[in-house]
2 protein chains.
Amino acid sequence: MQTSTRDRIVVATARLLQRQGYVGTGIKQIATESQATLGSIYHFFPGGKEAVAVAAIRHGEQEFAALLKEALDSEPDPAEAVMSCTRDLAAGLKESGWVDGCPVTAAALETLGADSELQKACADALNGWERLVLDKLLGCGFPADDARELATTVISAIEGAEVTAQVNRSEEPLLAAGRQLARLVRSYGIDPPRR
Amino acid sequence: MQTSTRDRIVVATARLLQRQGYVGTGIKQIATESQATLGSIYHFFPGGKEAVAVAAIRHGEQEFAALLKEALDSEPDPAEAVMSCTRDLAAGLKESGWVDGCPVTAAALETLGADSELQKACADALNGWERLVLDKLLGCGFPADDARELATTVISAIEGAEVTAQVNRSEEPLLAAGRQLARLVRSYGIDPPRR
DNA sequence: AATTGGGTAGAGCGTTCGTTCTAGAGCTGT
DNA sequence: ACAGCTCTAGAACGAACGCTCTACCCAATT
């Protein structure tokens, strides 16, 4: 067997959470989609549905972090880097038929009231991504305070633009957000590091 | 009876959708929360759960539009207006214990695949709000192209910042987004209309 | 006084949910 | 050969789901 059963469960769950949220995703659907059985799922995740979801969210976080990191590293200028990021996201979103959005937003919104492990995993994901942007900005010479506020804004705006793009089935909201965020970043008048 | 049964159903459903999404909200919970019975619900909404949800989303759209309009009208300068908006949202979010977020996002994300009436209602809501911002910018003398792109970015960023604020249980993401959006709006160098 | 019809009330339908449970397959070390 | 282990397999449970259905209340109309 190529991939382990456990990995198949996590990956399939991550995709399902992304598309239909936490409550909308059933354990039995996960079993079918991952070609595993209920027995296997409860063997690897004695914590049940929530434990599977937490693992899937963490997987989604890393996957998205990799995409983000690659886009940020591809351009020395942070403004260009942000646009590269929204371009990649827009392309991926369109390719999936507008269903593969942010891997954590849907799950996060459904589990806000109960401060569960799942909710914590979602918060960790958002903060992790924010840190990637923050580091990029700091590396470009932005003052710490400006960089922090910009980083949270960039992640929030991308997050929101992705939802808007999905709902309208259009790349435009993401691309527009990318351009405006680039303008915002440039407005600080900090020269990109030459290499 | 003060409020009609139908109205109680719609209002209660709107709040439930906001907090736990579409799939997470049961018809029987709606009945309990709105002090109605199943019979009443299916009497007023023969279309079942989805019909109730559509009515609730439209109600949420109008409610949020009113808040948005008030905030936008309170300041002549569009940059200040956007910040006033995020301040109001942050205050409301904190007051609700971080659970009463955007009335449509949660429901929208769960119903992306099936192009249902519900999905359309969510798209209408987002576009309606965007138009309010657009009109404000146009009224301040922004060129049409810039205004359009700014308007979608503002709504997307507010949307995303609200989610981030909820997940982190903090006003800061919304306030930061407000400040950065104000900076972005000002970067176009258009004088606010004097009155 | 009788009738009509909008609205209320909730028992019960079939289905699906998350979870538990027992049984067995496939492998390793002795 | 046998015990011991991880992992697979799916039947079965109680609870909850969306929805249908019949029965009833009560104010307005005839």
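Just so it is clear, the model here is predicted, and its values are computed rather than measured. So that the names make sense, note that chain A is the first sequence line, chain B the second, and so on, each numbered from 1.
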Query - Backbone of A:Ser187 reached by a side-chain donor or acceptor of B:Arg183 within 3.5 Å - result: yes

Requested in this report: Report yes or no: does B:Glu33 contribute a side-chain atom to a donor-acceptor pair with the main-chain N or O of B:Ala12 at less than 3.5 Å?
Outcome: no

Let me know the distance between [atom1] of [X] and [atom2] of [N], rounded to the nearest Å.
X	N	atom1	atom2	answer
B:Ile30	D:dC17	CD1	P	11 Å
B:Asp7	C:dG7	CG	C1'	15 Å
A:Lys28	D:dC17	NZ	C1'	13 Å
B:Glu50	D:dC17	CD	P	18 Å
A:Ile27	D:dG14	CD1	P	20 Å
A:Ile9	C:dG18	CD1	C1'	15 Å
B:Arg6	C:dT8	CZ	C1'	17 Å

Report task. Taking all non-hydrogen atoms of both residues into account, name the closest pair between A:Asp124 and A:Arg58 and its distance. Result -> OD2-NH1, 3.9 Å

**Report entry** Candidate nucleotides D:dG18, D:dT8, C:dT8, ranked by approach to the side chain of B:Lys49 - the nearest
**Finding:** D:dG18

Requested in this report: Report the nucleotide, chosen from D:dT8, C:dT8, C:dT19, that has the shortest atom-to-atom distance to any side-chain atom of B:Thr5.
Outcome: C:dT8

Query raised in the report: Among residues 32-43 of chain A, which contact DNA chain C at a heavy-atom distance under 4.0 Å?
Result: A:Leu38, A:Tyr42

Query - Verdict with supporting geometry, A:Ser156 and B:Thr164, side chain to side chain donor-acceptor pair (under 3.5 Å) - result: CA-CA 6 Å; A:Ser156 289; B:Thr164 308; 3.0 Å; yes

Query raised in the report: For residues A:Glu110 and B:Gln20, is any side-chain donor paired with an opposing acceptor at under 3.5 Å?
Result: no

Query raised in the report: Does a side chain donor of either B:Glu172 or A:Thr152 reach within less than 3.5 Å of an acceptor in the other side chain?
Result: no

